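Have a look at the structure below before the remarks.
None of these values were measured; they are calculated from a predicted model.
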Amino acid sequence: MPDPYRVWLSEVMLQQTTVAAVGPRFTAWVERWPDIASLAAAPDEAIMAAWAGLGYYARARNLVKAARAVVAEHGGQFPATEAGLRALPGLGAYTAAAVAAIAFGERAVVVDANVERVVARLFAIATPLPAARPAIRAATDRITPQARAGDFAQAMMDLGSAICTVKKPQCLLCPLAVDCRARVEGIADTLPAKAPRKERPSRHGTAFWIEQEGQVWLVRRPAKGMLGGMRALPTGPWEDERPGLAGAPGQGPWVILNDTVVHGFTHFGLELALAKSEGEPDDSAAGEWWPVADLETAGLPTVFARAADRLKRV
DNA sequence: TATACGTGGTT
DNA sequence: TAACCAAGTAT
């Protein structure tokens with residue numbers, strides 16, 4: 001049976017994240033923290049920095065919590081059941097079922113976006129998401145075998161990602177084509193139906209770069225909310241209008257660059273103005289000096305890594 | 001049930 | 001090129 005630690009880690013990394021992006025990060029991670037005990041013992045900031053660039057940083061915050069819970073409350077062994085796993089932070093319906101099935105051989109019903117799509121088409125479930133979820137789950141339950149549910153789940157996910165794709169599904173190559181009601185009805189590429197997305201608002205902020213003797217002033221963002229717990233450049237508020245120097249972490253004087261960083265988050269776009277100074281940081285702004293030459297190791301989220309790239313060469 | 005939460009690849 | 005979307009979870 002596969003190592004539960006690795007199955008758990010890979011499933012969490014793969015949440016909303018492509019296999020290509022996860023591959024090298026997974027390898028580096030298990031080399032550094034080969035088991036649950038080593039991860040549980042690692043300092044928060046090392047773990048957050050190691051997650052930098054992967055996005056959805058609550059995953060990293062929950063990863064630490066779960067690792068420590070397994071060590072403190074389960075003697076260092078993962079709970080071997082779907083229900084037990086589901087109680088750990090960061091393991092939702094999908095991940096708990098996937099780990100139970102793949103790492104422990106439990107018959108669990110594994111439903112991710114791939115399975116959702118395959119099953120919606122197989123049974124021609126035309127109800128739009130998310131209302132269709134109960135029906136899709138029930139249908140998946142009906143076709144999940146008693147034995148090797150983990151292999152079944154992975155096969156369904158592979159089918160969804162390689163053949164039964166969102167656009168232009170390759171029905172001619174599909175092993176389920178004969179049984180697929182959506183294919184018969186000629187509506188495969190329209191399922192599952194989804195409500196249209198809301199428009200993404202755009203916000204503005206300013207990133208501040210204070211440099212002294214080859215070092216830059218970095219802060220740690222609040223534990224909750226956007227980029228929570230991550231090391232970052234200081235910023236003022238993110239608002240509808242350009243905030244200028246509002247919320248600056250020092251008296252300056254500030255030089256505002258004739259350049260911005262435009263970054264797209266899930267639910268809003270951000271245009272970051274860039275301001276630079278060689279003054280003193282405010283006492284109120286808790287932070288640390290970081291060598292500019294070692295900025296890659298600071299573990300900055302992508303938006304700040306991009307801002308820093310612009311700022312350090314000016 | 002709806003919203004907050006990142007990033008990079010594909011079309 | 002702007003959308004769209006990916007092996008989702010928490011609240």
Rounded C1' spacing from B:dG8 to C:dT1 in Å
15 Å
Let me spell it out: for each of A:L227 and A:A131, pick the nucleotide of DNA chain B with the closest heavy atom. Which residue's pick is nearer the 5' end?
A:A131
Looking at every strand, decide which applies to A:R25 at a 4.0 Å heavy-atom threshold: base, sugar-phosphate, or nothing.
nothing
Rounded C1' spacing from C:dT11 to B:dT7 in Å
23 Å
Closest nucleotide of DNA chain C for A:L14 versus for A:N62: which of these residues is on the 5' side?
A:L14
Side-chain donor or acceptor of A:T297 paired with backbone N/O of A:D294 under 3.5 Å:
yes
Short N/O separations, protein against nucleotides 8-11 of chain B, under 3.5 angstrom:
residue: B:dG8; atom: OP2; partner: A:R306; partner atom: NH2; Å: 3.0

Please tell me whether A:H263 and A:F265 form a close aromatic pair, meaning their ring centres lie under 6.0 Å apart.
yes
Electrostatic pair A:E271:A:R242 at N-O distance under 4.0 angstrom:
yes
When all nucleic acid strands are considered with a 4.0 Å heavy-atom cut-off, which category describes A:G160: base, sugar-phosphate, or nothing?
nothing
Neighbour count >12 (heavy atoms, 6.0 Å) for atom CD, A:Q251
no
Could you go through the ring pair (Phe, Tyr, Trp, His ring centres under 6.0 Å) check for A:W290 and A:W217 one step at a time?
CA-CA 6 Å; A:W290 197 272; A:W217 186 249; over 10 Å; no
Centroid-centroid distance, A:F208 to A:W254, less than 6.0 Å
yes
